[in-house]
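Take a look at the following structure, please.
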Amino acid sequence: MPHELPKAYEPGAIETRWAEYWIREKLFHVDTPAPGENRPVFTLLLPPPNVTGRLHMGHMLNQTQMDILVRWHRMRGFTTLWLPGTDHAGIATQMMVDRQLRSEGKSRLEMGREKFIERVWEWKRHYGGAILDQMKRLGASVDWGREYFTMDENLSRAVREVFVRLYEQGLIYRGKYIVNWCADCGTAISDLEVKHEDVAGKLYEIRYPVVEDGQAGKNARPTQFITVATTRPETMLGDTAVAVNPQDERYTHLHGKKVLLPLMNREIPIITDELAQPEFGTGAVKVTPAHDANDFEAGRRHNLPQIEVIDEHNKMNANAGAYAGLDRFAARERVVADLAAQGFLVGTKDYTVALGKCDRSGTIVEPRLSEQWFVKIKPLADKAIAAVETGEITITPENYRQVYLNWMYNIHDWCVSRQLWWGHRIPAWTCNGCKEVTVSREEPKACTKCGGAKLEQVTDVLDTWFSSGLLPFTTLGWPEKTRDQAVFYPTTLLITAYEILFFWVARMIMFGCHFMEGHEQDAAPKKASGWGDKKNDSVPFREVYIHSLVRDAERQKMSKTKGNVVDPLEVIERFGTDATRFTLAAMAAPGTDIAFNESRTEGYRAFANKIWNAARFMFMNVDRIEPGLRPGVRQECPPHTGVAGFKTEALEDRWILSRFNRVTGEVNEALKTYRFHEAANRIYDFFWGEFCDWYIELIKPRLMETAGAETNKTACTNLVRLFEASLRLLHPVMPFITEEIWQAVYDSKPPLKSIALATFPQADEKQVDLAAETEMAVLQDLIVSVRNLRAELKVEPKVKVPIQVFAHEPEIRQMIEHNRGAVERLASVESMKFVETSLAKLAGARSTARFDVHVVYEKKIDVASESAKLKKELEGLDRRIQVAEGQLGNQGFLAKAPQKVVEGLRKQLEETKVLREKTVAKLKEISS
RNA sequence: GGGCGGUUAGCUCAGCUGGUUAGAGCGCCUGCCUUACAAGCAGGAGGCCGCAGGUUCGAGUCCUGCACUGCCCACCA
């Protein structure tokens with residue numbers, strides 16, 4: 001008994017079954033190719049999801065696109081490696097476990113570092129695989145045998161190696177600088193982790209009394225003031241200067257003088273510095289080196305003291321005098337009130353301030369002076385700039401190239417230390433004695449400076465992106481020189497969301513270009529699409545494709561707080577993975593965001609259902625006509641790139657084969673340039689609109705017993721062959737349903753373990769048949785015309801009508817004659833008669849340039865509405881003729897337009913004229 | 001303050017390098033249970049392609065300005 005498809009298409013069961021099968025059979029496992037093996041290579045790194053993550057639509061879009069390309073390459077014979085893994089996600093994971101502990105009434109601090117980290121590992125073992133399990137439901141054809149975790153021992157070793165090397169190269173330094181401090185997370189964060197938000201705030205103008213020469217300072221009555229403006233009055237407690245611009249003549253007389261800092265009664269100097277811009281405010285600015293990055297720089301230029309007044313919990317500290325212990329915002333209110341009371345507040349203006357908030361906790365970030373580790377970025381950035389400027393790495397869509405470059409041009413040193421416990425601990429040790437820091441691959445036995453044996457490892461860990469930035473080579477065995485590296489590095493492509501262009505992509509490029517300098521990829525990797533013959537093999541990938549953002553149906557960004565997050569698994573549950581994948585692919589026009597619309601997914605489930613039913617139709621016939629065909633096909637199934645063993649007996653055969661090849665060409669072309677939507681739509685239109693709507697309908701008679709055994713057999717074989725090839729064409733987008741039907745085609749005994757290993761169709765020029773396409777178009781036109789007429793004449797659906805056809809070209813007439821059966825069946829025609837003169841003027845007739853067709857049916861014509869309609873038609877035709885004649889009479893057009901366009905227009909004009917004549921005749925007839 | 005994108009049918013969107021009559025899905029209207037499929041079939045209505053100029057033989061497509069809208073980047077108090 002052959003493999004049966006159930007009557008109803010139920011994606012759930014099919015999809016989980018095949019997802020499991022693919023993994024169980026290790027279908028996507030890639031062995032390291034031996035030297036000399038010459039298949040082209042396609043390598044792709046999965047952007048590692050956070051271990052704490054849950055699958056969202058962005059992931060699904062990302063993975064759908066990757067999987068489409070991966071399957072497509074694999075089917076085209078590339079050695080295709082798609083490398084999966086997860087990211088330890090420092091802050092996110094630590095926070096999650098923290099929260100868990102708190103709910104148990106425990107605390108991280110009581111527990112201690114070691115116990116805590118153990119606990120995180122335990123958490124990871126339990127829940128860390130969740131997101132990858134979800135991925136499996138998507139059908140992602142990754143090599144599960146190579147799965148990694150960024151905290152794996154080998155990857156951690158590589159991280160230490162990188163850190164030490166950078167340090168030795170002078171590219172890592174440590175120091176006390178202003179960093180973005182998140183009190184909630186209790187750690188420094190990088191510029192990228194700060195999101196600015198415009199908020200209505202105030203600009204406070206405060207006057208500082210100038211200390212006059214010869215006066216005894218504090219007790220003297222001030223005679224003049226200098227007014228500064230600030231949005232953060234509480235920081236004035238830590239002011240150590242007031243700056244004016246050296247060019248600003250308003251303040252020349254104050255150069256070298258001092259002011260008395262209100263509330264603190266501290267004398268601070270007036271300095272001249274570019275920091276103060278004459279145009280802004282009063283032109284004088286307070287300088288707080290410990291709480292503002294600009295002021296910090298100015299402070300260094302002028303050797304100013306750094307007075308910290310806010311601590312790591314955002315509370316005022318002892319240096320804030322009377323304000324100590326207050327929260328920074330409470331302090332602000334108090335400071336402002338006191339300044340006003342003492343007559344120092346000149347005014348308050350409404351002012352929009354760009355508040356920096358921590359990306360993760362939402363807390364307002366405090367610029368804070370603290371000891372951190374930094375990567376000196378310029379030398380790395382220079383290489384990363386060159387790689388993109390020279391085109392050694394291409395970025396698609398192209399506008400992101402400039403975005404990337406602009407960011408790189410203006411890059412700042414990268415603060416890589418984090419005051420967390422979970423992550424890669426910085427491989428540096430502080431000597432208990434002399435406080436010297438030793439950076440080393442292994443724990444040092446003695447201090448490099450004083451020789452002391454008591455050393456303690458620095459408690460900070462590295463920014464998570466530090467380790468993920470290394471993945472393109474560390475996952476391939478670096479720092480060892482491995483065969484994997486030789487083959488798979490540089491990876492071919494990186495597909496990711498715009499959000500992490502700087503976080504991740506930029507860092508990978510910097511690290512890759514730096515650490516893989518001099519690397520040469522083994523064998524000549526064949527290009528998926530034109531990245532040319534660029535020599536630089538240090539780059540982490542040759543191409544970057546930035547996909548769009550998935551929004552909700554109202555174009556709103558999905559976010560948990562808004563509660564508009566669409567859970568992909570829920571959508572999958574209802575419509576199936578294939579339909580959901582298809583939706584994402586079909587909506588993924590490069591550069592435009594996707595407003596995820598469920599009704600689209602519903603439509604694509606209908607498409608899957610259509611495929612399903614077409615398959616059922618096929619099997620129904622195969623099993624009746626040629627029960628041995630299914631295994632038979634298996635036997636004669638060599639790897640082929642198109643439709644093998646297809647016999648072109650009839651017009652529809654030539655036509656569908658031609659269309660298949662054309663569509664195949666278009667699909668391949670579209671995938672080459674990441675035009676997923678185009679690939680998806682081409683297949684959709686072909687399968688539904690051509691294969692199902694026309695081809696299947698047209699061959700039905702040939703499948704009927706009355707047609708005879710030979711005809712039956714050919715039709716049946718053609719159907720199977722074409723279907724099988726279409727499944728391969730569709731497989732990258734809809735892997736599950738295609739696998740299910742493909743396996744059934746071979747009666748569960750396929751020539752390969754999976755359609756995923758079969759060959760992707762390639763267009764064969766020789767099978768493109770223009771004549772067949774033209775003839776078919778006329779035939780379809782004829783059938784549709786009759787259907788139209790029937791509707792117009794309100795012919796009862798069940799009634800078959802006689803028609804008359806006039807075709808002045810003998811070839812066309814002959815072609816229609818040949819396909820008489822098709823016309824009769826598909827247009828509910830009782831009989832078709834050819835006539836020798838035009839039928840154009842008859843009521844109940846329709847004309848095209850190629851033929852007139854008349855439906856013979858008694859029906860009173862509504863003369864008024866009919867002639868109105870004809871007049872409107874005529875107007876349109878006249879307009880077209882006028883435009884065309886105008887163009888063709890234009891010397892400029894004739895001289896400059898391409899031949900093809902001119903000729904096309906001429907032909908169109910001729911046809912329009914024929915049609916016009918027919919319409920005129922008809923109008924005349926009706927009106928008379 | 002800089003930069004980028006969007007504006008096409010009631011809704012969601014295609015329309016690549018300018019070229020013959022601007023497309024699709026959903027929705028809507030009419031009619032069909034035509035033995036693969038009602039998650040279907042057949043037919044239909046619906047568009048000054050945001051506005052104003054310009055370049056061109058020819059503009060939804062290129063340029064300029066404007067309007068509305070979204071996003072990103074930024075240490076001007």
Side-chain angles (χ1 to χ4, degrees), chain A residues 7-9 178 191 196 203 228-232 243 275-277 279-282 284-288 292-297 351 353-354 356 367 397 399-400 402-403 406-407 410 412 498-499 501-502 549 553 555 557 586-587 589-600 602-621 669-670 673 675 677-678 681 684-685 692-693 696 700 784 787-788 790-792 794 796-798 825 828 876-877 879-880 883-884 886-887 890-898 900-909 912:
Chain A
K7 187 159 192 302
Y9 165 62
I178 296 278
D191 294 346
H196 292 271
L203 187 66
V228 298
T230 179
T231 54
R232 302 203 52 200
L275 175 70
Q277 287 172 30
E279 322 78 63
F280 189 93
T282 59
V285 59
K286 63 193 264 318
V287 184
T288 324
D292 182 280
N294 284 317
D295 295 5
F296 173 80
E297 292 299 331
Y351 194 76
V353 281
N399 54 309
Y400 290 118
Q402 205 53 47
V403 174
N406 288 341
W407 186 78
N410 301 309
H412 291 81
Y498 172 71
E499 293 176 306
L501 180 62
F502 307 134
L549 199 69
R555 308 209 106 265
K557 209 167 170 174
M587 297 188 77
T592 350
D593 286 348
I594 296 175
F596 189 84
N597 199 325
E598 224 172 78
S599 70
R600 284 288 281 268
E602 207 176 332
Y604 293 126
R605 181 190 53 179
F607 177 53
N609 188 52
K610 188 78 183 175
I611 299 167
W612 187 258
N613 281 298
R616 289 180 51 236
F617 174 80
M618 168 175 71
F619 290 131
M620 189 185 87
N621 284 285
E669 204 51 46
T673 48
R675 306 181 66 81
H677 69 299
E678 208 171 286
N681 286 327
Y684 180 97
D685 291 341
C692 290
D693 287 352
I696 288 187
K700 274 181 180 172
V784 170
R787 286 174 180 166
N788 281 330
R790 288 180 54 103
E792 271 171 35
K794 302 231 158 46
E796 290 291 313
K798 289 220 175 68
R825 226 166 32 83
S828 294
L877 292 172
R879 211 175 315 121
R880 268 165 58 188
V883 169
Q887 289 264 62
N890 186 322
Q891 284 311 310
F893 175 72
L894 294 177
K896 289 178 190 167
K900 213 177 108 188
V901 174
V902 176
E903 242 149 58
L905 191 60
R906 252 190 207 125
K907 200 166 153 203
Q908 183 234 308
L909 176 62
T912 314

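When reading the values below, keep in mind they use all heavy atoms of this one structure, side chains included, and skip hydrogens, waters and symmetry mates. It should be emphasised that the depicted structure is a prediction, and the values quoted were computed from it without experimental measurement. Throughout, protein chains are lettered first and strands after them, A, B, ... in sequence-line order, and every chain is numbered starting at 1.
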Can you tell me, in whole Å, how much space there is between the C1' of B/rG60 and that of B/rU20? 16 Å

Side chain of A/F893: nearest nucleotide among B/rA39, B/rA74, B/rG19?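 That would be B/rG19.
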
B/rC13 versus B/rG53 - spacing of their P atoms, nearest Å: 30 Å

Respond yes when some side-chain nitrogen or oxygen of A/K896 is under 4.0 Å from OP1 or OP2 of B/rC57, and no when none is.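 A/K896 to B/rC57 OP1/OP2: side-chain N or O found under 4.0 Å.
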
Pick the P atom in B/rA24 and in B/rG44, then give their distance to the nearest Å. 12 Å

Would you say the base of B/rC73 and the side-chain of A/H196 have a donor-acceptor pair closer than 3.5 Å?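 Counting by modelled atom types and ignoring angles, no donor-acceptor contact under 3.5 Å is found here.
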
Could you tell me if A/K610 sits above the aromatic ring of A/Y604, with its cationic atom closer than 6.0 Å to the ring centre and no more than 45 degrees from the axis? no

Does A/R616 reach a base, just sugar-phosphate, or nothing at all? Heavy atoms under 4.0 Å. sugar-phosphate

Side chain of A/Y498 - closest among B/rC72, B/rU12, B/rA77: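 Out of B/rC72, B/rU12, B/rA77, the nucleotide with an atom closest to A/Y498's side chain is B/rC72.
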
Which part of the nucleic acid does A/Y9 contact within heavy-atom distance under 4.0 Å: base, sugar-phosphate only, or nothing? base

Pairwise C1' distance, B/rC73 and B/rA59 [rounded to whole Å]: 34 Å

Length of the CZ-C1' vector between A/F502 and B/rA74, whole Å: 12 Å

What is the distance from CG of A/N399 to C1' of B/rC73, rounded to the nearest Å? 14 Å

Would you kindly give the CD-to-P distance between A/Q887 and B/rC57, to the nearest whole Å?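 Atom CD in A/Q887 sits about 11 Å away from atom P in B/rC57.
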
Please check the phosphate of B/rA14 (OP1 and OP2 only) for any side-chain N or O of A/R675 closer than 4.0 Å.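 No, because none of the side-chain N or O atoms of A/R675 sits under 4.0 Å from OP1 or OP2 of B/rA14.
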
Is any side-chain heavy atom of A/R616 closer than 4.5 Å to one of A/K7?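 In short, these two side chains touch, coming nearer than 4.5 Å.
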
Just how far, in rounded Å, is P of B/rU30 from CD of A/E792? 18 Å

Base, sugar-phosphate alone, or nothing: which one does A/D693 contact when heavy atoms must sit under 4.0 Å apart?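 Since only primed, P, OP1 and OP2 atoms lie under 4.0 Å of A/D693, the category is sugar-phosphate.
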
Name the nucleic acid region contacted by A/G904, choosing base, sugar-phosphate or nothing; use a 4.0 angstrom heavy-atom cut-off, strictly under.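 Touches a base.
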
Among B/rC37, B/rC32, B/rG43, the nucleotide that comes nearest once only the side chain of A/P797 is considered: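 When the side chain of A/P797 is considered, B/rC32 is the closest of B/rC37, B/rC32, B/rG43.
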
Give me the distance, rounded to whole Å, that separates B/rA9 from B/rC26 when you measure between the C1' atoms they each carry. 12 Å

Atom pair CD/CZ of A/E796 and A/R790 - distance to nearest 0.5 Å: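 Spacing of CD (A/E796) from CZ (A/R790) equals 9.5 Å.
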
Determine the Euclidean distance between corresponding P atoms of B/rU7 and B/rC62; express it in Å to zero decimal places.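 Their P atoms lie roughly 11 Å apart.
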
Would you sort out whether A/K700 and A/R825 count as a side-chain contact (heavy atoms from CB on, under 4.5 Å), showing the intermediate values? CA-CA 10 Å; A/K700 274 181 180 172; A/R825 226 166 32 83; 4.2 Å; yes

Just call it for A/A895: base, sugar-phosphate, or nothing, with non-hydrogen atoms closer than 4.0 Å on any strand. nothing

B/rG1: pairing nucleotide in any strand, Watson-Crick or G-U under 3.5 angstrom: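 B/rG1 is paired with B/rC73.
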
Spatial distance of atom CD1 (A/I611) from atom SG (A/C692) [nearest 0.5 Å]: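 Those atoms lie 8.0 Å apart.
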
Rounding to an integer number of Å, can you tell me how far A/Q908 CD sits from B/rG19 P?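 Atom-to-atom, A/Q908 to B/rG19, this comes out as 15 Å.
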
Is there a side-chain polar atom (N or O) of A/Y351 under 4.0 Å from OP1 or OP2 of B/rA77?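 For A/Y351, the contact criterion (side-chain N or O under 4.0 Å from OP1 or OP2 of B/rA77) is met.
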
With a 3.5 angstrom cut-off on both distances, give the Watson-Crick or G-U wobble partner of B/rU17, or none if there isn't one. none

Specify the residue among A/N890 and A/E678 whose closest nucleotide of RNA chain B lies further upstream toward the 5′ end.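 The 5'-side residue here is A/E678.
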
Pairing nucleotide - B/rC68, Watson-Crick or G-U, each distance under 3.5 Å: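 Pairing partner: B/rG6.
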
So what does A/M618 hit on the nucleic acid, given a heavy-atom distance under 4.0 Å: a base, only sugar-phosphate, or nothing? nothing

Checking contacts here: which listed nucleotide (B/rC57, B/rA36, B/rG25) is nearest the side-chain heavy atoms of A/R600?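 Nucleotide nearest to A/R600's side chain: B/rG25.
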
Give the ring-plane orientation class for A/Y351 versus A/F280, where under 30° counts as parallel, over 60° as perpendicular and anything between as tilted. perpendicular

Heavy atoms only, 4.0 Å cut-off, all strands: where does A/P367 land among base, sugar-phosphate and nothing?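 Since no nucleic acid heavy atom lies under 4.0 Å of A/P367, the category is nothing.
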
Using the six-membered ring wherever Trp is involved, compare the ring planes of A/W407 and A/F502 and label them parallel, tilted or perpendicular (cut-offs 30° and 60°). parallel

Nearest-nucleotide 5' precedence on RNA chain B, A/N681 against A/V883: A/N681

Are OP1 or OP2 of B/rG44 and a side-chain N or O of A/N788 less than 4.0 angstrom apart?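 Result: yes.
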
Would you tell me if any nitrogen or oxygen in the side chain of A/K700 comes within less than 4.0 Å of OP1 or OP2 on B/rU35?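 The answer is no; no side-chain N or O of A/K700 sits under 4.0 Å from OP1 or OP2.
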
In whole Å, measure the gap between the P atoms of B/rC16 and B/rC75 for me. 38 Å

Taking only N and O in the side chain of A/H677, is any of them less than 4.0 Å away from OP1 or OP2 of B/rC16?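 For B/rC16, neither OP1 nor OP2 has a side-chain N or O of A/H677 closer than 4.0 Å.
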
Phosphate-side-chain proximity, A/K900 and B/rU20, N/O vs OP1/OP2 below 4.0 Å: no

Less than 4.5 Å apart, any side-chain heavy atom of A/P367 and any of A/D292? no

Reckon A/R787 touches a base, only the sugar-phosphate, or nothing at all at heavy-atom distances under 4.0 Å?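 Answer is sugar-phosphate: A/R787 comes under 4.0 Å of backbone atoms only.
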
Which is true for A/V784 with a 4.0 Å heavy-atom rule: it touches a base, it touches only sugar-phosphate, or it touches nothing? sugar-phosphate

Tell me the partner of B/rA24, counting only Watson-Crick (N1-N3 plus N6-O4 or O6-N4) or G-U wobble (N1-O2 and O6-N3) with both under 3.5 Å; none if nothing fits. B/rU12

Does any non-hydrogen side-chain atom of A/L877 lie less than 4.5 Å from one of A/R880? yes

Can you tell which of B/rC13, B/rA74, B/rA77 lies closest to the side chain of A/Q277?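 When the side chain of A/Q277 is considered, B/rA77 is the closest of B/rC13, B/rA74, B/rA77.
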
Can you check the A/Q891 CD to B/rC57 C1' distance for me, whole Å? 10 Å

So, is A/K794 near the phosphate of B/rC32, with a side-chain N or O under 4.0 Å from OP1 or OP2? no

Distance check, P atoms only: B/rC48 and B/rC41, in whole angstrom units. 30 Å

Measure CZ/A/R880 against P/B/rG19 and give the value in whole Å, please. 18 Å

Look at all strands and tell whether A/A293 reaches a base, only sugar-phosphate, or nothing, counting heavy atoms closer than 4.0 Å.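 Here A/A293 touches no strand at all.
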
Whole-Å distance between B/rA74 C1' and A/D191 CG? 10 Å

About how many Å separate CG of A/N406 and CD of A/Q402, when rounded to the nearest 0.5 Å?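 Reported value, rounded in 0.5 Å steps: 5.0 Å.
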
By the 4.0 Å heavy-atom rule, please label A/L275 as base, sugar-phosphate, or nothing.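 Here A/L275 touches the bases of the nucleic acid.
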
Pairing partner (Watson-Crick or G-U wobble, both distances under 3.5 angstrom) of B/rC62: B/rG54

